[in-house]
Amino acid sequence: MRPSVEEQLLGTCRVLETVVAPAVAEPFARTILDNLIANLRMVTEALPAVPGFLRWDSAATQSLLQTLRSALPSELAGRIDAVLEVPAPDRDDSAVQTARNDLLRALLAEAVCTQDLAPELHRAIQDHMIARASRVPMRYVPTAAPPETRP
Amino acid sequence: MTARRVADGLTQLVRHTIPSARDIVFTGLSRSAGGLSRENWSFDASWSDAAGSHMHRLMLMRDASGTLLKTERRREFDVLKALEGSTVTAPAVFWMDPDGQFLGAPSLVMERVSGSCDYMVLNGTRPLEERLALARAFLQLLVNIQAADWQVRGLGPSLGVPQGSPSAIALDEWEAEYRRVQLEPHPELDYVLAWMRRTAPQAAAIVLVHGDFKPGNALIEDLHITAKLDWETAHLGDPLEDLGWITNPVRRREHQIPGHWERAQIVEAYSRLTGRVVNDAALTWWNVFSCWKLAVIQLTAVNEFVSGRYNRVFQTPAWLYRPMLQMMERAA
């Protein structure tokens, strides 16, 4: 299927950079445009990695919830059990994958705030969070404006 | 907003503030590129009134339609008024449109001070000695802000005197913002928040806090800081809050000079200038808070972008998670 999604996104960046940007004289609008182009390039690069990241994250979060489960209040543990009993969704359905991931992360948000967790559980929580942060495919792209003069 | 509409709004604002004003003329009205949360317009103004003729170089700060920070123009106006005549280098403030009655959004008009703004001036192309001199000048400015007698200058009523621990108050305020803007679960931010709740320090004093102290919102001319800008998040709080902001490791390229002006040197110089003993654990707490607050500001930007009110694209601040967790581990 040509042009591919990637080709279309990169082509859009090229046209914006070479045709549109030079014609934008207003400094604020140009700053906004530069940010949008940089972000579009980032999205183009990151997009193929998103489904795999969601699957990894859901599996890792599920595993951590199982590790924490015995240290959690019974009511929260029960809700975790109920979610974990549901089979993983169709890997090709990104909307369902995202909803499942949000559900698991909402439970994790509660679980990690449980008081008096053992040090090894804190270690497991922090290891998971650092591992996840290093894999997040979407990144903010700083497009710092040049030193601004306010005469 | 177009320059024409800004000029019309300014004219109405001047007539409202100075009823005897006539022959009001604005020239050179232009918008600058900077400012994530506000539109900045520079212009020259002249008018006559009962007191005589006036000519001033001015700057209009107008809230952008989508903004990273929900702030109050009145707070900034009050702080700048209160600091006039103090040792804090800040612009004189002229007029305020707190509700956007004339300019369509909350706005402030202040003196346009000479100088340029450079986020990375401490790690730019200037010689090391100049950068060190500026770094020391920035710290002296921070110390001067903290030395400003907010009670004598009448800032208690407008900023609100903390009723309780400033760290707990700061957490309440920023957690409310976090809950308001979050679009999805963030276990990392909840985890760090729970740690901050458990370990919040007590303040050694209550001082004026700038709230976003950085080279990026100051004007510099040669080796002098000519104005500290962007006072919209100023408040009364813990002296370590601004110090925690500038020793925050994730923004060291803005605030520090590798090998010469790092956390240890900054703390040593701060202690010498103020006579305060800096509790390292408390400062680390404020470092973590600085990162967490920055994360919430980014989530605000994400929310505003998704809502169609903000025109820059931000992402979930995952890059801040590791440094926060590492600082927490070191503090344990």
Side-chain angles (χ1 to χ4, degrees), chain A residues 26-40 42-43 46 61 64-65 98-99 101-117 119 122-123 125-151, chain B residues 28 30-36 39-40 42 57 59 64 112-121 124 182-195 197-198 216 219-220 226-227 229 298 301-302 305 311-326 328-329 332:
Chain A
E26 207 275 317
F28 185 76
R30 179 58 192 264
T31 302
I32 294 290
L33 179 61
D34 289 346
N35 172 258
L36 294 175
I37 294 170
N39 191 72
L40 200 53
M42 183 280 295
V43 169
T61 304
L64 179 57
L65 286 169
T98 301
N101 188 256
D102 281 352
L103 190 55
L104 291 167
R105 281 178 55 76
L107 290 167
L108 185 63
E110 286 187 66
V112 297
C113 294
T114 302
Q115 290 189 343
D116 302 324
L117 291 175
H122 279 291
R123 182 76 268 153
I125 290 168
Q126 291 170 17
D127 287 349
H128 167 79
M129 290 177 171
I130 289 173
R132 183 183 185 279
S134 70
R135 290 170 181 252
V136 171
M138 300 283 189
R139 302 277 169 184
Y140 170 63
V141 188
T143 49
E148 176 195 351
T149 299
R150 305 193 210 198
Chain B
S30 64
R31 183 177 175 183
S32 60
L36 286 176
E39 295 176 11
N40 298 333
S42 63
R57 289 155 47 88
M59 176 72 79
R112 192 165 91 249
V113 178
S114 62
S116 61
C117 175
D118 183 353
Y119 279 79
M120 294 298 167
V121 67
Q182 79 171 121
L183 299 173
E184 59 183 343
H186 297 290
E188 297 83 358
L189 296 182
D190 289 314
Y191 184 65
V192 176
L193 176 62
W195 177 84
R197 289 275 181 208
R198 290 196 299 272
L219 297 180
I220 298 166
T226 52
L229 306 171
Q298 292 204 2
V302 170
F305 178 79
N311 296 327
R312 297 190 193 206
V313 197
F314 278 77
Q315 306 289 334
T316 294
W319 64 285
L320 290 167
Y321 297 163
R322 179 195 281 264
M324 283 193 284
L325 294 169
Q326 288 176 333
M328 287 162 52
E329 188 171 8

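Chain letters run A, B, ... following the sequence lines, proteins first, then strands; residues in each count from 1.
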Side chain, backbone, both or neither: which part of B/Tyr191 has a heavy atom under 4.5 Å from chain A?
both

Between B/Arg312 and A/Thr31, is there a side-chain heavy-atom distance shorter than 4.5 Å?
yes

Tell me, for A/Arg30 versus chain B, whether the close heavy atoms (under 4.5 Å) come from the side chain, the backbone, both or neither.
neither

Does the side chain of B/Gln315 reach to within under 4.5 Å of the side chain of A/Asn39, using non-hydrogen atoms?
yes

Where does A/Leu103 contact chain B at under 4.5 Å (heavy atoms): side chain, backbone, both or neither?
neither

Which portion of B/Ala318 sits near chain A, non-hydrogen atoms under 4.5 angstrom:
both

Pick from B/Arg197, B/Met328, B/Met120, B/Arg322 with the largest number of heavy-atom pairs that fall under 4.5 Å of chain A:
B/Arg322

Which residues in residues 109-117 of chain A have any heavy atom lying under 4.5 Å from a heavy atom of chain B?
A/Ala109, A/Val112, A/Cys113

Check the pair B/Leu325, A/Ile130 against side-chain contact (heavy atoms from CB on, under 4.5 Å), reporting the backbone distance first and the verdict last.
CA-CA 8 Å; B/Leu325 294 169; A/Ile130 289 173; 3.8 Å; yes

By the definition side chain to side chain donor-acceptor pair (under 3.5 Å), identify the one residue from A/Gln126, A/His128, A/Arg105 that meets it with B/Glu188.
A/Arg105

Across all chains, not counting sequence neighbours, the side chain to side chain contact (heavy atoms under 4.5 Å, CB included) partners of A/Asp127 are A/Arg123

Tell me, for B/Arg198 versus chain A, whether the close heavy atoms (under 4.5 Å) come from the side chain, the backbone, both or neither.
side chain

With rounding to the nearest 0.5 Å, note down the distance linking CD in B/Glu184 to OG1 in A/Thr98.
9.5 Å

Hey, could you give me the CG/CG distance between B/Asn311 and A/Leu36, rounded to the nearest 0.5 Å?
7.5 Å

